[in-house]
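Below is one structure, written out as structure tokens; the observations come after it.
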Amino acid sequence: MTIADGPALPKLIGERVKRREDPRLIQGQATYVDDIKLPGMLHLAFKRSDIAHGVIRSIDTSAAAAMEGVELVITGAELAEHLGPMPIGTPFPAPDHFSVATDKVRYVGEPVAVVVAEDRYIARDAADAIEVEYDELPAVVDPEAAMEADSATLHEGFERNIAVESYWGGTGVNPETAQPEDDSAVDAAFAEADVVVSQRMLNQRLAPNAMEPRGVVAQYEPGREYLTVWSATQNPHILRTLVAAMMGLGEHQVRAVAPEVGGGFGCKINIYGEEYVAAALSRLVKAPVKWIEDRTEAFLTTTHGRDLLGYIDLAAKSDGTITGLKARIIADIGAYEVLLTAMIPTLTGLMMNGVYRLPVVRHELTEVFTNKTPTDAYRGAGRPEGLYFLERAVDMVARELDMDPAEIRRKNFVPADEFPFATQSGLVYDSGNYEPCLDKALEVADWQGLLAERDAARAEGRIVGVGLSFYVEVCGLGPSAVVPTGGWEHSGVTVERGGKVTATTGASPHGQGNETTFAQMLADHFSIPLEDITILHGDTGVVKQGIGTFGSRSQAVGGAALISAAGKAGDKMKQFAAALMTDQEVSPEDLVFEDGRIQVEGAPEVSKTFAEVADYAYVPVPLPPGMEPGVSEEAFFEPENNTYPFGCHISMVEVDRDTGETKLLKLIAVDDCGNVINPLIVDGQVHGGLAQGIGQAMFEEVVYDEDGQPVTASFMDYVMPRAADLPVFELDRTVTPTPINPLGAKGVGEAGTIGSTPCVVNAAVDALAPFGVTHIEMPLRPERMWRLINEGGQS
Amino acid sequence: MEIKGEQEFNGPRELLYELLLDPDVLAGALPGVERFEEVGPETYESTMRVGIASVRGTYTGRVEVLEQAPPEAYRLRIDGSGKPGGVRADATVELSENGSGTTMHYRAEVKARGTIARLGGRLLGGVARLLIGQFFKSIEQQVDDRAA
Amino acid sequence: MSEPVPITINVNGRKRSAMVEPRLLLVHFLRESLNLTGTHVGCDTSQCGACTVLLDGSSAKSCTVFAVQADGSEVQTIEGLADGDELHPLQDGFWEEHGLQCGYCTPGMIMSAVNLLEENPAPSEAEIREGISGNLCRCTGYQHIVNAIQHAAERMAQS
């Protein structure tokens, strides 16, 4: 007997559902910040420093102010009357940092004055007409030289340009003193080791380069003392909190909107000076204002990523058992600490345990100011650096011992029965099962076949290498104890009249496809069609609370909040349904959602449609005792721990003997991100991550000259991976669910970026090993490779 | 960035040395120069217009002549700035006799800032070579005129 | 600034006349004057291709063309690609194959692909990768974009 109104609804979790975001995006109908036009809107342009370090002697704004169409020209010192120093989101000591420099400039691109004008062309002309004179100071460019006593310093109170110093190690850290309890074990491990590899490695500076540059529109309405800010941000709720604080407003007076956002990759987490300036100037000129970054500004002022120098020592027994790790890391954080700057390099040390049982670790970290663009999160944020250092070092030990790179890893894996596993750094890995993942990767790649192929190619005189890496990373940030903004996420689920569902999430996406995956989850939860669900996000006026999208947290934290809110809404629907079925003596606990109906489990004839129950909820006559009308529930989800996805990447490269050009022939990625909601989207996330990780290995690097002048400030000089640079990726996965959230999903946004970089460099070193090469610095530039082929040694 | 090269001239070294440090000659020979004034001992200020791609603009600069060793060598310190950014250069010029002619060796260490720096060697080197080429052609002409 | 000059451009099959400053870029004319904001700006050096449109049938980076240079031409943007409610096979391919994530490069990528398939209706994987090498995507790693273009090529071959 069929009672349902329509056909049975297929379960959608785990299906390759086409994205619901796409129709607007493929037809040019989406609204990004630069697409927003408000009546009377004015445009901002920034005059920026073209020197790396200096004291502002004078700023002449007269020519700019006299130009037709210019509303206001304001210098940093003048603006400081309206905006104080910018807040940061870490507990580390930080120097004052104003949105627009007040007296000293510390990197090329730092704003010194702002123009408000009728259109963007005039604003740019006027900014160009501002004359600034500086007393130049020596530029601090090299982070190691920056710590020397004779170096110029950027900030008062930060001797030798040191922002953060941390040290831990031994077999445990005393929580009282934060000092290692028994550091001697590290020295003993190295003294007793059969083999020690020591390598200085640079994890170079990168530009995140979301294809949409940053942008902001701010509208302050004096009559209602209310500010609306549209911004290309990953986290509108954090934007609201910080803009309100900077403007002397309460959060109830600010609405922050992240409209369509064209990629973030970490660089749109920070709340930037331009966002505060737009808000302040809108209030000052009593008109909406817009600022859109151009690509050169993006290279100069949007936060950079990575730039960690590591001195890595790894000790092992002759059978390949790893016995100790020492890492001394110097982070070149640029000129200022912005939102998460100082925190990112701390993740590197935390994650350098990798997938191995490491008996002893010593970790030293120094974060150093230089006259460069500030750093912050970039896809992977701290983990790619640590895993690169570790996976390179493990490879070097394998090479030293003439061991198979897969087998040395297998030998040192944390065994599956030791999870949850506490690392030396104090983390607890939630779940893991590394060996099956390694075996699957070896099988998909046909590892032995690859080695034979490499050897055959070498016999022909070709320069070919294979590489492998195995990573573990940390996702699902939270919990609140470790995320200064709060580590929870929020969601709201409303069942509307007619049985349609509107849900909100604070996990504000910018390409991740939450509108699709979250709808899949609700469709299954309520057993209603996908089309009956709308997911709203990115607007603090609509989404009551939230944190944002970073640290691969959308599913693991945001999805968990959604399911929690959906659970509450579902319970209420069942109560209303039971009330409609009083004559049948139905208890809410007996009811389930099935194909658009709410029915007694196993008895579809005792049911009401989802739609009629929803209608009843809004006209509840009679109102069931003890109940309020309507179904609109919300939930916060606070994770008790992070999740720790992992995976194995394998690659094959060939280097051209004559040109030094490296070609990536193959890349196989077997990732384990726990349960998967939408495999199509997960594959897309992995692909994108791989491209960025490969980009770091092979092409990308932000370069400054010795005066602190950036010489890679456009796509002409900063090499981004293009379609023809990449092979067809071969993906597979294993599934080890997390117990941390009800979905069992761990997060996948950053995985590809973390495993691929060391994997490709390991392959390149393997390719050049016959030339006596033991390490190659990134990126694998043709010139660098050619020199190694012809001169050997290290780069 | 380093810019260096050599150039052969027909005239004697003394003549060349004199011409290369004569403000009037320089004003005429440097491409796009709108103003070239002596503002102090061996110090000149100049306004120069460059019309090439992204480094297009008007530059004002100061040139100091140092370490003069006639007729063999001298050093120039140049500091110029304009809308697209600025350039600071330290240049040495050496003249050696070459039969009846003179060979000039020049070497400049150039430091740029602003757009000029960001475009780096890609443009700056080419622009510099172009301007230097025009300059030498003009000097050559004057040497020939004087020698004749 | 120079005096505005009159231009007439046929955009997506509609004649559009305007007085524009000679220095106005075509992309800004489309976005600001005509409100066709589907064409995006991703860089200022013609490297990224986000602003790609069809200019008299060939793909062109509209950030490198002055509006006055397009006077008298035909311009097609992403907004003019679908046939009424029916998506162009490339739009459909990008949707089917998850050829986009943040969507910012997508209009330019699709317009480049339109040109590619017109010149080469059955491109190999390598030819597709070469063909879209003037367009940067930071999200997808290009693999699903390649699949999307193959999907469209197959559909267009059938029809």
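Letters go in sequence order (proteins before strands), and every chain restarts at 1.
- With salt bridges taken as basic N to acidic carboxylate O contacts below 4.0 Å, none links A:K290 and C:E32.
- Between the side chain of C:Y142 and the backbone N or O of A:P721, at least one donor-acceptor pair lies under 3.5 Å.
- Ranking A:G262, A:A691, A:G689 against chain C, the residue ahead of the rest is A:G262, based on heavy-atom pairs under 4.5 Å.
- Using a 4.5 Å heavy-atom threshold, the side chains of A:R295 and C:D44 count as touching.
- Inter-residue side-chain proximity for C:Q101 and A:Q685 is flagged as met; some heavy-atom pair is nearer than 4.5 Å.
- Of the listed residues (A:L690, A:D22, A:D294, A:L25), the one with the most heavy-atom contacts under 4.5 Å to chain C is A:D22.
- A side-chain donor-acceptor contact under 3.5 Å links C:R31 to the backbone of A:D34.
- Of the two parts of A:L726, the backbone and the side chain both hold a non-hydrogen atom closer than 4.5 Å to a non-hydrogen atom of chain C.
- A 4.5 Å side-chain heavy-atom check between C:S46 and A:F715 finds every atom pair outside the cut-off.
- Interface residue A:D683: backbone and side-chain heavy atoms are both found under 4.5 Å from chain C.
- Of the possible polar contacts, none joining the C:R138 side chain to the A:A210 backbone as a donor-acceptor pair under 3.5 Å is found.
- A:V728 is listed as a side-chain neighbour of C:E125, based on a closest heavy-atom distance under 4.5 Å.
- Without hydrogens or angle criteria, C:Q143 side chain to A:F729 main chain gives a donor-acceptor distance under 3.5 Å.
- The part of C:V41 that comes within reach of chain A is its backbone (N, CA, C, O), which places non-hydrogen atoms under 4.5 angstrom from that chain.
- A:E21 is not listed as a side-chain neighbour of C:L100, based on a closest heavy-atom distance of 4.5 Å or more.
- Residues A:P213 and C:Y104 form a side-chain contact, since some pair of their non-hydrogen atoms from C-beta on lies under 4.5 Å apart.
- Of the listed residues A:H510, A:Q512, A:Q692, the one with more heavy-atom pairs under 4.5 angstrom with chain C than any other is A:Q692.
- Within the 4.5 angstrom heavy-atom criterion, only side-chain atoms of C:H28, from C-beta onward, approach chain A.
- Of the atoms belonging to A:Y121, heavy atoms from both backbone and side chain fall under 4.5 Å from chain C.
- No more than 12 heavy atoms of other residues, nucleotides or ligands lie within 6.0 Å of CD in C:E130, so this atom counts as exposed by the packing criterion.
- Heavy atoms closer than 4.5 Å to chain A are found in the backbone of C:T140, but not in its side chain.
- Contact count against chain C (heavy-atom pairs under 4.5 Å) is highest for A:R120 among A:R120, A:R16, A:Q29, A:R24.
- The greatest number of non-hydrogen atom pairs below 4.5 Å with chain A, out of C:A82, C:G103, C:C137, is found for C:G103.
- To the nearest 0.5 Å, the span separating SG on C:C139 from NE2 on A:H687 amounts to 13.5 Å.
- Heavy-atom distances place no part of C:I145 under 4.5 Å from chain A, backbone and side chain included.
- With contacts defined as side-chain heavy-atom distances shorter than 4.5 Å, the pair A:Q27/C:Q91 qualifies.
- With a 4.5 angstrom heavy-atom cutoff, A:I694 does not touch chain C via any of its atoms.
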Yes or no on side chain to side chain contact (heavy atoms under 4.5 Å, CB included) for C:C48 and A:M211, after CA distance, side-chain angles and deciding distance?
-> CA-CA 8 Å; C:C48 83; A:M211 290 316 299; 3.5 Å; yes
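- Put simply, the side chain of C:N35 reaches to within 4.5 Å of the side chain of A:K37, judged on heavy atoms.
- Contact of A:P727 with chain C is made through the backbone alone, with heavy-atom distances under 4.5 Å.
- With a threshold of 4.5 angstrom between heavy atoms, A:D725 does not approach chain C through any atom at all.
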